[in-house]
Amino acid sequence: MSSAKNEAARSLPSVDELLRSSTGCEIIAETGAKHAADLARAAIGAVRKTSSTTSKTETLASCEANLTEIWKLEKMRGQKRVINATGVIVHTNLGRAPLSDAVRNALIEASGACTLEYDLETGKRGKRGRRVEELIVELTGAEDAVVVNNCAAAAFFVLTVFASGGEAIISRGELVEIGGDFRVPDVLTMSGATLREVGTTNRTKIADYEKAIGDKTNLLLRVHPSNYRIIGFTATPSVAELAVLAKKHALIFYEDIGSGALVDLSDYGLTDEPVVGDSIAAGANLVTFSGDKLLGGPQSGIIAGRKELIEKLRKHPLYRALRPDKLTLAALQATLLSYTRGKQFEEIPVMRQLAMTAEEIKRRAEDFVANLPANGAIEINLVADGSVIGGGAAPDVRRPTVVIAIKHKTLSAENVERKFRMFEPPIITRIENQAVLIDLRTVSFDDESVIASAINSLN
Ligand SMILES: *Cc1c(COP(=O)(O)O)cnc(C)c1O
């Protein structure tokens with residue numbers, strides 16, 4: 001070590017000295033002395049590598065600045081509230097469905113003691129999730145329903161209970177990967193069922209299924225391709241045709257719908273999303289769908305269908321491993337109650353955001369921009385664009401929107417995007433044509449003022 005470096009090293013504060021600074025005290029109060037000491041050590045270590053000053057006051061100041069930065073970055077990690085300004089309605093990386101006000105209240109109520117498995121009328125033990133199951137029955141026309149932690153678990157559960165050791169017949173066009181790591185064939189074969197593939201990638205006929213039925217066949221399986229579309233020369237049997245075939249051979253017909261629209265959404269461009277009630281009405285014996293995609297509720301997997309089949313699932317030992325907790329059930333109940341009230345397009349954020357017209361968003365964007373103070377550092381334009389549905393649903397659908405496009409006179413779009421992302425609370429935007437885009441479709445009215453502050457801070 002050179003003697004200059006030696007001198008510099010001697011001027012570094014000790015961990016204790018650094019923690020006695022106001023920043024240090026603040027961090028100790030929030031994270032505890034032990035972890036604060038680790039952070040302080042890291043901050044001093046970073047300054048040791050770069051500093052050449054021998055002034056004690058200066059090194060202490062740089063260590064403090066470094067500690068503040070390390071602490072700020074640490075607080076950015078883990079789960080944290082953000083503002084979704086991407087316009088992607090069911091943003092998988094940003095927590096899928098944002099929940100309604102009714103759900104927030106229900107979560108607070110359920111956080112204490114609640115009637116998870118208690119019947120107030122009899123004062124005796126009650127059935128977990130029964131009210132939620134009744135609401136699903138009411139909304140889908142199914143005979144019965146049961147809820148598990150997510151739709152992948154629901155699919156695994158159904159196959160384990162009804163097809164393990166036997167065969168489930170599935171079209172080659174449906175052996176898809178649905179975002180993240182959910183590969184239909186992988187999860188389904190974990191159940192112990194053998195997938196018997198029929199047809200071709202683009203065309204599968206009812207006769208293909210019928211030819212494959214044999215002694216080992218337990219069920220006919222249909223999986224909605226969700227994030228994937230085969231277009232052009234295609235064919236796939238209808239739900240009704242498969243239901244008839246299953247009945248003829250005394251098999252179970254199970255459909256994994258995925259997104260789980262409870263109401264028809266074709267007015268909003270979602271013409272390919274099956275409605276759960278339609279599938280049940282067309283004769284599916286079991287249907288599984290997610291609670292946090294188009295349904296707009298908490299992460300959960302819903303299984304609806306024939307009474308005796310659902311009863312078998314509920315009594316199976318695996319249910320104990322897959323059943324949801326009180327928070328999920330409380331949130332799902334509050335979400336479903338918005339549907340039974342017929343208020344889903346007003347109360348459930350996913351539904352409200354889906355239904356928002358480009359005109360409505362344009363007016364909001366115009367008001368928003370008109371109220372921004374003058375800022376010579378940026379140029380703002382309103383641009384016609386499309387909002388993506390997200391969550392692996394309707395990959396080919398864009399809802400018409402109007403975005404606020406921001407260009408900075410000197411900073412790159414990547415730089416501005418990062419400033420928004422590092423804002424408190426973080427604002428997630430997207431970049432197109434060297435402009436940072438803000439789509440108000442997925443931004444609540446309350447959060448507009450936060451975005452305005454972030455824009456004002458650009459200079
Ligand atoms: C998304 C999806 C799943 C997985 O649902 P999770 O709730 O994420 O577990 C299963 N099947 C289909 C068809 C899907 O679209």
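When reading the values below, keep in mind they use all heavy atoms of this one structure, side chains included, and skip hydrogens, waters and symmetry mates.
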pair Val137-Glu143: side-chain heavy atoms closer than 4.5 Å: no
Test log, rule salt bridge (charged side-chain N to carboxylate O under 4.0 Å, His left out), inputs Glu311 and Lys315: CA-CA 6 Å; Glu311 194 53 37; Lys315 292 201 169 119; 3.2 Å; yes
Any side-chain heavy-atom pair of Asp208 and Lys211 under 4.5 Å: yes
Lys247 atom NZ: more than 12 heavy-atom contacts under 6.0 Å: no
Asn202 side chain vs Thr234 backbone, donor-acceptor pair below 3.5 Å: no
Phe156/Leu318 under side chain to side chain contact (heavy atoms under 4.5 Å, CB included): CA gap, chis, key distance, verdict: CA-CA 10 Å; Phe156 171 73; Leu318 198 51; 3.9 Å; yes
Stepwise side-chain hydrogen bond (donor to acceptor under 3.5 Å, both in side chains) check, Thr204 with Tyr209: CA-CA 8 Å; Thr204 304; Tyr209 288 85; 5.6 Å; no
Glu210/Lys205 under salt bridge (charged side-chain N to carboxylate O under 4.0 Å, His left out): CA gap, chis, key distance, verdict: CA-CA 9 Å; Glu210 183 146 33; Lys205 299 181 197 124; over 6 Å; no
Nearest heavy-atom neighbours spanning Leu19 and Ala36: CD2-O, 3.8 Å
Thr335 (side chain) donor-acceptor with Gln333 (main chain) under 3.5 angstrom: no
Among Leu295, Ile302, Leu294, the one residue meeting side-chain contact (heavy atoms from CB on, under 4.5 Å) with Leu262: Leu295
Electrostatic pair Glu117-Arg323, nearest N-O below 4.0 angstrom: yes
Electrostatic pair Arg81:Asp447 at N-O distance under 4.0 angstrom: yes
Asp101 atom CG, neighbour heavy-atom count above 12 within 6.0 Å: no
Any Phe157 side-chain heavy atom under 4.5 Å of Ser191 side chain: no
Under 3.5 Å donor-acceptor, His316 side chain and Thr160 backbone: no
Straight-line distance of Ile89 CD1 to Leu354 CG, nearest 0.5 Å: 5.0 Å
Straight-line distance of Ile380 CD1 to Ile406 CD1, nearest 0.5 Å: 5.0 Å
Over 12 foreign heavy atoms within 6.0 Å of CZ, Arg418: no
Asp439 and Asp385, any side-chain heavy atoms less than 4.5 Å apart: no
Presence of salt bridge, Arg341 and Glu347, under 4.0 angstrom: yes
Sidechain N-carboxylate O distance under 4.0 Å for Glu424, Lys72: no
N/O donor-acceptor pair under 3.5 Å between Thr328 side chain and Pro324 backbone: no
Gap separating the CZ atom of Arg96 from the NZ atom of Lys293, nearest 0.5 angstrom: 5.0 Å
Closest contact, heavy atoms only, Asp292 versus Ser300: OD1-N, 4.4 Å
Whether Glu255 side chain and Val239 backbone form a donor-acceptor pair below 3.5 Å: no
Trp71/Thr31 under side chain to side chain contact (heavy atoms under 4.5 Å, CB included): CA gap, chis, key distance, verdict: CA-CA 10 Å; Trp71 178 231; Thr31 188; 3.8 Å; yes
Reported CD-to-CD1 distance for the pair Glu133 and Ile303, which is rounded to 0.5 angstrom: 10.0 Å
Test item: Thr122 side-chain N/O and Lys124 main-chain N/O as donor-acceptor pair under 3.5 Å: yes
Least distance between heavy atoms, Ile257 atom then Pro274 atom: CG2-CG, 3.8 Å
Atom pair CD (Gln353) and CD1 (Ile389), whose distance is rounded to the nearest 0.5 Å: 10.5 Å
Residues Glu366, Lys362: salt bridge by 4.0 Å N-O rule: yes
Heavy-atom closest pair, residues Phe253 and Ala246: CB-CB, 3.6 Å
Reported OG-to-CD distance for the pair Ser21 and Glu26, which is rounded to 0.5 angstrom: 9.0 Å
Side chains of Ile170 and Arg222 in contact at under 4.5 Å (non-hydrogen atoms): no
Donor-acceptor under 3.5 Å (Asp186 side chain, Met190 main chain): no
Which atom of Ser164 lies closest to which atom of Asn218, heavy atoms considered: O-ND2, 4.4 Å
Polar side-chain atom of Arg441 near backbone of Met356 as donor-acceptor pair, under 3.5 Å: yes
Side-chain touch Pro298/Leu327, heavy atoms, less than 4.5 angstrom: no
Pair Ile455-Ile438, side chain to side chain contact (heavy atoms under 4.5 Å, CB included): steps then yes or no: CA-CA 11 Å; Ile455 294 176; Ile438 291 172; 4.3 Å; yes
Side chain to side chain, Leu251 and Leu219, heavy atoms closer than 4.5 Å: no
Thr140 (side chain) donor-acceptor with Ile136 (main chain) under 3.5 angstrom: yes
Closest non-hydrogen atom pair between Ala330 and Ala110, with its separation: CB-CB, 3.6 Å
Residue pairs fulfilling ring-ring contact (aromatic ring centres under 6.0 Å, His included) with at least one residue in residues 260-279, sequence neighbours excluded: Tyr268-Phe345
Side chain to side chain contact (heavy atoms under 4.5 Å, CB included) between Leu220 and Tyr254, intermediate numbers included: CA-CA 6 Å; Leu220 302 187; Tyr254 157 46; over 6 Å; no
Ser279 side chain to Val275 backbone, donor-acceptor under 3.5 Å: no
Residues Asp144 and Arg314 bridged, charged N to O under 4.0 Å: yes
Aromatic Phe445 / basic Arg364 pairing, under 6.0 angstrom, 45° off normal: yes
Side-chain ion pair, Glu417 and Arg430, N-O less than 4.0 Å: no
Heavy-atom side-chain proximity of Glu273 to His224 below 4.5 angstrom: yes
Side chains of Glu74 and His35, donor plus acceptor under 3.5 Å: yes
